[in-house]
Every structure is written in structure tokens, then in C-alpha cells.
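Computed over heavy atoms, backbone and side chain alike; hydrogens, waters and symmetry mates excluded.
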Amino acid sequence: MANIPHILLIYTGGTIGMVKDYKTGALRTFNFNELLKHIPEINQLNCSIESVSFKKPIDSSNMNPENWVKLAEIIEVNYNKFDGFVVLHGSDTMSYTSSAISFMFENLSKPIIFTGSQLPIGHLRTDAKENLITAIEIASLKENGKPIVSEVCLYFEYKLYRANRTTKINAEHFEAFTSPNFPPLGESGVHLKFSKQLLIQPKSNEKLKVRKELNNNIVILKIFPGITKTVVENIFSIKGLKSIIIETYGSGNAPTEKWFIQLLTKAIENGLYIVNVTQCIGGSVILGQYETSECLKKIGIISGNDITTESALAKLMYLLGEKIPKSKFKSVFETALRGEMSLNH
Ligand code: ASP
């Protein structure tokens with residue numbers, strides 16, 4: 001018993017533990033202990049499991065930075081006691097939360113695996129059981145006494161992803177997530193297989209740091225044909241705003257109209273950090289590849305490379321909270337800190 005892995009299961013809410021409210025027909029969260037009753041199979045796993053639940057489990061649409069800190073603190077206070085962590089979370093914002101947790105935990109050396117489901121655990125055709133059982137198994141696997149996975153991951157429908165590379169792409173299919181710019185870290189079939197060369201290796205001797213200062217004075221602006229000067233002007237002049245993520249076209253292209261470039265230039269001069277991410281599901285921002293992104297490069301826009309919008313948002317909240325000096329912010333953002341972006345663009 002002493003040598004089997006100890007796993008902490010953290011229930012934040014989400015469909016996985018929801019029941020139908022027969023009065024309204026809507027799904028609502030319910031008691032976590034009820035959830036465990038539906039999966040007696042987890043007792044057969046070769047690990048010991050303790051569980052903790054948010055006092056009031058939430059639909060993940062209600063997730064926010066305060067809840068991310070709450071979750072981080074649960075993991076932090078239990079870090080030495082457990083070998084791995086499984087976080088049950090609604091799928092709607094799972095990519096945001098898991099990206100944030102990946103930035104908040106520096107020098108992580110244990111697995112934190114997020115999972116959830118498209119159908120509640122009590123449902124006959126539920127995807128929850130496989131997701132949960134395999135996530136626990138992944139969190140408990142070791143090789144030569146060390147965890148196989150020691151980063152923040154998202155496990156869903158037979159695939160293990162680096163969490164900060166994921167995005168939710170489907171509200172209907174069991175295969176709800178994808179990792180458009182980075183291959184899965186593992187796959188579950190008859191055997192559990194890992195792409196070990198892709199896994200982040202923990203830095204030995206480096207102490208865990210949990211970063212809990214998050215700054216959410218950020219806006220995401222999706223560029224669209226016909227966007228008006230008034231809209232952009234008003235967004236850029238929001239009081240207290242620190243950063244803007246611009247979702248551009250293709251490989252980072254945006255209108256070259258004078259008013260648009262002038263507003264961007266002024267915003268950057270006034271100290272706003274502007275990050276360019278592509279609104280395409282896959283691929284990368286390559287500033288200067290087209291004329292339509294050349295001026296963005298010249299005025300000092302930050303390249304999001306192939307980061308997802310979810311991950312860019314989490315990274316910005318974390319870096320703004322870290323109070324990185326202005327002169328370094330661009331280069332720090334453009335550096336991969338937790339495997340969230342590829343090199344060489
Ligand atoms: N609305 C739910 C949530 O994100 C959906 C899910 O759990 O998959 O909490």
C-alpha cells in the first residue's frame with residue numbers, strides 16, 4: 001500500500017458531475033460523492049485516490065482567475081502529499097483553465113491532468129468513465145520511480161494533449177478537443193502509448209513556484225471585414241487596459257488602412273502590449289510574410305507565433321501579474337515558457 005501512487009482528484013464542476021433538473025430540463029451540478037458512486041471501477045486502479053471538491057461546483061462558463069487561484073492553491077497545499085493530480089472540469093473553458101495552471105506552476109515535476117466529459121457520468125452512453133479512469137491512470141504512471149508525465153495535460157476521448165496547446169472544437173462530438181499545432185503527447189488504445197520525446201522533462205533541483213498574481217485587464221479583438229474605427233478606438237481607450245490580443249487573418253495579417261495602423265501605433269506608444277494571434281484553427285503568425293503584416297512588425301506588435309488564443313490569454317494574465325519590465329515584455333512573451341508555442345518563426 002505504501003508504494004502505490006497517491007492521486008488527488010479535484011472536482012471543480014462541469015457536465016461530468018451534472019444531473020438533469022427535471023423541472024427545467026437543464027443540466028446542473030450536483031454532489032461530488034454522488035459522482036464517485038457512479039464509477040466503482042476506480043477502486044480497481046493500482047493507486048490510492050483522495051478527492052476534494054469545490055464547495056460550490058460550477059459550470060465552467062463561470063470559471064475566472066479567482067477560481068484558477070483557488071484550484072492552484074488546492075494543488076499547492078497538497079503538492080508534496082500526492083504523486084499526481086486529476087482535475088475534473090467543464091469542457092467549455094477547460095483549455096483556458098489548464099493553460100493558466102500551466103503558467104502558474106513553474107518547475108512542475110508531477111502530472112496535473114485535466115479531464116471532463118460531454119455526457120454526465122450517470123448517462124448510459126457517457127464518455128466520462130473512460131476519460132476519468134484513463135486520466136487517473138496517466139497521473140499515476142511512473143518509470144524508474146519518476147512520473148512519466150510531469151506537465152499540465154488535458155485528456156479527452158483517448159488522447160493526451162499538452163493543455164496549453166488545446167482548444168475546444170466541438171460541442172457535440174466526444175472528440176471535443178484538438179491540439180492544432182502540436183501532436184498529442186499520448187494515446188489510449190489497447191495500450192497506453194506516450195510520445196516520450198515530446199514530454200517536458202522536469203528541471204531537477206528547481207523548486208516549484210506557484211504564481212498567483214494574475215492581471216486580467218485584457219481584451220480579445222477579432223478582426224473582421226468592416227470593423228470600424230469607432231469600435232477599435234473605443235476598445236483601445238478602455239481605462240486600465242493593459243493588453244490586447246488581436247485575432248488576425250491567416251499568418252497574422254490585418255487591414256493596412258491608415259486609421260487602423262495609427263491607432264495600433266498610438267496604443268503601443270501608450271504602453272499597451274498588443275499580441276497578434278491568428279484566427280485560423282491551425283498554423284502560425286509570421287510577421288512580415290505579407291505586406292499586410294509588415295507594418296504590424298514595424299510598430300512593435302508581439303508575435304503570438306502558433307499559440308492558441310486561450311493560451312495567449314493565460315500567458316498574458318500571468319506575465320502582466322509578474323510585472324515584467326516593459327523593455328523585456330515582448331521578448332519574454334515570444335519565448336516558449338511551458339511548451340505553449342513552437343520555436344523558429
Ligand atoms: N457547460 C459545461 C461546462 O463547461 C460543458 C461541459 O462540462 O462539457 O461546465
Heavy-atom distance under 4.5 Å between the side chains of Glu247 and Thr278, does that happen here?
no
Looking only at heavy atoms, which two atoms of Met341 and Ser303 are closest? And how far apart?
CE-O, 4.5 Å
Nearest atoms (heavy-atom pairs only) where Cys153 meets Leu185:
SG-CD1, 3.7 Å
Atom OG1 in Thr178, atom NZ in Lys159: separation rounded to 0.5 Å?
7.5 Å
Is a salt bridge present between Glu143 and Lys196, judged by a nitrogen-to-oxygen distance below 4.0 Å?
yes
So, Asp83 and Lys142, do they make that salt bridge, N to O below 4.0 Å?
yes
Leu337, Tyr161: one ILVMFWY side-chain cluster at the under-4.5 Å cut-off?
yes
How about OH on Tyr79, more than 12 heavy atoms from neighbouring residues, nucleotides or ligands closer than 6.0 Å, or not?
yes
Short question: side chain of His123, backbone of Arg125 - any donor-acceptor pair under 3.5 Å?
yes
Answer yes or no: are there more than 12 heavy-atom neighbours, outside Lys266 itself, under 6.0 Å from its atom NZ?
no
Side-chain donor or acceptor of Asn131 paired with backbone N/O of Thr115 under 3.5 Å:
no
Could you check whether any side-chain heavy atom of Leu8 comes within less than 4.5 Å of a side-chain heavy atom of Ile74, counting everything from C-beta outward?
yes
Using a cut-off of 6.0 Å, state whether more than 12 heavy atoms not belonging to Glu213 lie near its atom CD.
no
Got Ile58 and Asn67 here, is their nearest side-chain heavy-atom distance under 4.5 Å?
yes
Backbone N/O of Ala26 and side chain of Thr24: donor-acceptor pair under 3.5 Å
yes
Report yes if some heavy atom in the side chain of Ile133 is under 4.5 Å from a heavy atom in the side chain of Glu41; otherwise report no.
yes
Rounding to 0.5 Å, atoms CG (Asp92) and OG1 (Thr15) come to a distance of 7.0 Å
So does Lys315 pair up with Glu340, basic N to acidic O under 4.0 Å?
yes
Look at the aromatic rings of Tyr318 and Phe103 and report parallel, tilted or perpendicular, splitting at 30° and 60°.
parallel
Taking 4.0 angstrom as the limit, do Arg211 and Glu106 come out as a salt bridge?
yes
For Phe236, look at atom CZ and say whether over 12 heavy atoms of other residues, nucleotides or ligands are found less than 6.0 Å away.
yes
With hydrophobic residues grouped by side-chain heavy-atom distances under 4.5 Å, do Trp259 and Ile261 end up in a single group?
yes
Indicate yes or no: at least one non-hydrogen side-chain atom of Leu160 is less than 4.5 angstrom from one of Glu187.
no
Cation-aromatic face contact Lys70/Phe54, 6.0 Å, 45 degrees:
yes
If every non-hydrogen atom of Thr126 is compared with every non-hydrogen atom of Leu119, which pair is closest and at what distance?
OG1-O, 2.9 Å
What I want to find out is whether Lys212 reaches Glu73 closely enough, with some N-O distance under 4.0 Å, to be called a salt bridge.
yes
I'd like to know if the side chain of Thr248 and the backbone of Val277 have a donor-acceptor N/O pair within less than 3.5 Å.
yes
Find out if a path of hydrophobic residues (ILVMFWY) with successive side-chain heavy-atom gaps under 4.5 Å connects Phe260 to Val285.
yes
Are Lys229 and Glu257 close enough for a salt bridge, meaning some N to O gap below 4.0 Å?
no
Is Tyr96 reachable from Ile218 through a run of I, L, V, M, F, W or Y residues, each pair having side-chain heavy atoms under 4.5 Å apart?
yes
Are Ser99 and Met317 side-chain neighbours, meaning at least one heavy-atom pair lies under 4.5 Å?
no
Check whether Thr308 reaches the backbone of Ser311 with its side chain - one donor and one acceptor, N or O, closer than 3.5 Å.
yes
Would you say the side-chain atoms of Asn215 pair up with the backbone N or O of Asn217, donor to acceptor, closer than 3.5 Å?
yes
Is Leu154 reachable from Phe174 through a run of I, L, V, M, F, W or Y residues, each pair having side-chain heavy atoms under 4.5 Å apart?
no
Locate the shortest heavy-atom distance separating Ile136 from Val86; write the atom from each residue and the value.
CA-CG2, 3.8 Å
Can you name the closest pair of heavy atoms from Leu264 and Ile301 and give their distance?
CD1-CD1, 4.5 Å
State, without any angle test, whether Tyr155 and Glu130 hold a side-chain donor-acceptor pair at a distance under 3.5 Å.
yes
Minimum heavy-atom separation for Phe224 to Tyr249, with atom names?
C-OH, 3.0 Å
Close side-chain approach of Phe85 and Asn78, heavy atoms under 4.5 Å:
yes
Would you say the side-chain atoms of Glu310 pair up with the backbone N or O of Ser95, donor to acceptor, closer than 3.5 Å?
no
Pairwise side-chain contact, Phe114 with Thr97, heavy-atom cut-off 4.5 Å (strictly under)
yes
Is the NZ atom of Lys297 crowded by more than 12 outside heavy atoms at less than 6.0 Å?
no
Between Ser91 and Lys168, is the side chain to side chain donor-acceptor pair (under 3.5 Å) condition met? List the steps.
CA-CA 7 Å; Ser91 61; Lys168 184 172 177 183; 2.9 Å; yes
Counting distance only, does the side-chain N/O of Gln118 pair as donor-acceptor with the main-chain N or O of Asn170 below 3.5 Å?
yes
Assess the side chains of Asn62 and Asp59: does a donor N or O sit below 3.5 Å from an acceptor N or O?
no
When you check the side-chain N and O atoms of Arg165 and Ser102, is any donor under 3.5 Å from an acceptor?
no
Is there a side chain to side chain donor-acceptor pair (under 3.5 Å) between Thr12 and His89? Walk through the geometry before answering.
CA-CA 5 Å; Thr12 67; His89 192 288; 4.5 Å; no
